[in-house]
Amino acid sequence: MCPRRSPCGTGPVGGSWQSPEPGWFGADEADTDAAYEALTGEEQWPVFRIPFGGGHTAIVLGRNLADDAGTEYFVSHQEWDRHGYLATIDGHQAGPGLSWRELTHIAGTPDPRAPGVQLLPVRLLLLLPALGDADLPAEATGLISDALIEVGVASDGAPGLAQALLQDHPLWEPAGWELPTVSPLSGGQDHFPGILHCDEPGSPRCGTRLAQGITRDQSDRLSRALGAWPTP
């Protein structure tokens with residue numbers, strides 16, 4: 001949901017970046033302009049809810065402030081007092097917010113009982129801007145390419161666009177992800193096992209819990225929903 005003319009556009013051309021063009025995505029320019037205006041209006045902020053396992057929901061929020069526009073990524077659960085913070089895309093970005101394992105697991109485990117986005121290609125692409133993972137599997141480009149084709153990108157251009165979206169994020173470098181050690185997190189928090197931590201200092205998930213104020217049982221359920229632990 002980056003503005004079309006913002007620096008968070010992607011696509012390497014001759015070794016440099018340029019803003020996305022509607023044609024890359026099989027879209028008409030007039031339709032794209034109309035959608036852009038609808039999504040960036042200050043009076044109504046767009047919210048995309050992506051329900052996944054265990055009653056959790058990933059939230060993509062368009063923060064349409066006149067002088068501070070951006071996109072926020074959260075994870076929520078009805079039992080929690082506050083959202084878990086994944087990433088921010090704007091002029092003061094914070095990320096990455098998701099590993100490849102988490103991205104694909106969330107996208108691939110929809111909860112049809114909950115309101116929100118259910119189609120796999122759309123779920124993948126909505127969450128993709130929060131990704132930053134230095135250990136992408138060989139099939140990553142093909143999976144994103146297929147998702148792009150499903151939403152209208154031409155088949156001959158989809159692999160190159162998928163590779164750019166995966167490997168050339170304009171706001172942060174690919175990061176390492178691993179389960180935390182037994183040492184306390186920043187601020188003296190006791191760690192809960194089972195949820196990946198990011199080694200990128202600019203990530204909200206570097207050295208702090210993904211969700212503040214949740215219990216050990218709630219953290220274990222979140223870990224399973226994110227794909228770190230098998231579901232019993």
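Every heavy atom of this structure was used, including side-chain atoms; hydrogens, water molecules and symmetry mates were not.
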> Got a salt bridge between Arg224 and Asp220, using NZ or NE/NH1/NH2 to carboxylate O under 4.0 Å?
Replying inline: no
> Is the backbone of Gly116 close enough, under 3.5 Å, to the side chain of Arg49 for a donor and an acceptor to pair up by distance?
Replying inline: no
>> Less than 4.5 Å apart, side chain to side chain, heavy atoms only: is that true for His56 and Ser76?
In response: no
>> Among residues at least two apart in sequence or on other chains, which ones pass side chain to side chain donor-acceptor pair (under 3.5 Å) with Arg205?
In response: Glu102
>> So which atom in Gly132 and which in Trp177 form the shortest heavy-atom distance, rounded to 0.1 Å?
In response: O-NE1, 2.7 Å
> Got a second to check how far Leu210's CG is from Cys198's SG, nearest 0.5 Å?
Replying inline: 11.5 Å
> Can you tell me how far CZ of Phe74 sits from CG of Leu86, rounded to the nearest 0.5 angstrom?
Replying inline: 8.5 Å
>> Could you check whether atom CD of Glu178 has more than 12 heavy atoms from other residues, nucleotides or ligands sitting under 6.0 Å from it?
In response: no
> What pairs meet the salt bridge (charged side-chain N to carboxylate O under 4.0 Å, His left out) rule with one or both residues in residues 84-101, with sequence neighbours excluded?
Replying inline: Arg63-Asp90
> What do you reckon, is CD of Gln118 surrounded by more than 12 foreign heavy atoms closer than 6.0 Å?
Replying inline: yes
>> Show me the pairs that pass ring pair (Phe, Tyr, Trp, His ring centres under 6.0 Å) and involve residues 198-220, at least two apart or across chains.
In response: none
> Rounded to the nearest 0.5 Å, what separation is found between the NE2 atom of His197 and the CZ atom of Arg209?
Replying inline: 9.0 Å
> Side chains of Ile149 and Ser145: closer than 4.5 Å at any heavy-atom pair?
Replying inline: yes
> Between His105 and Trp100, does the ring centroid distance fall short of 6.0 Å?
Replying inline: no
>> Pair Arg221, Arg216 - check side-chain contact (heavy atoms from CB on, under 4.5 Å), show working.
In response: CA-CA 9 Å; Arg221 282 185 277 156; Arg216 171 61 188 273; over 6 Å; no
>> A quick test of your reading: do over 12 heavy atoms of other residues, nucleotides or ligands sit less than 6.0 Å from CG of Asp81?
In response: no
>> Do Leu61 and Phe48 make a side-chain contact, defined as non-hydrogen atoms from C-beta onward lying under 4.5 Å apart?
In response: no
> Taking atom types as modelled and ignoring hydrogens, do the side chains of Thr141 and Gln163 form a donor-acceptor contact shorter than 3.5 angstrom?
Replying inline: no
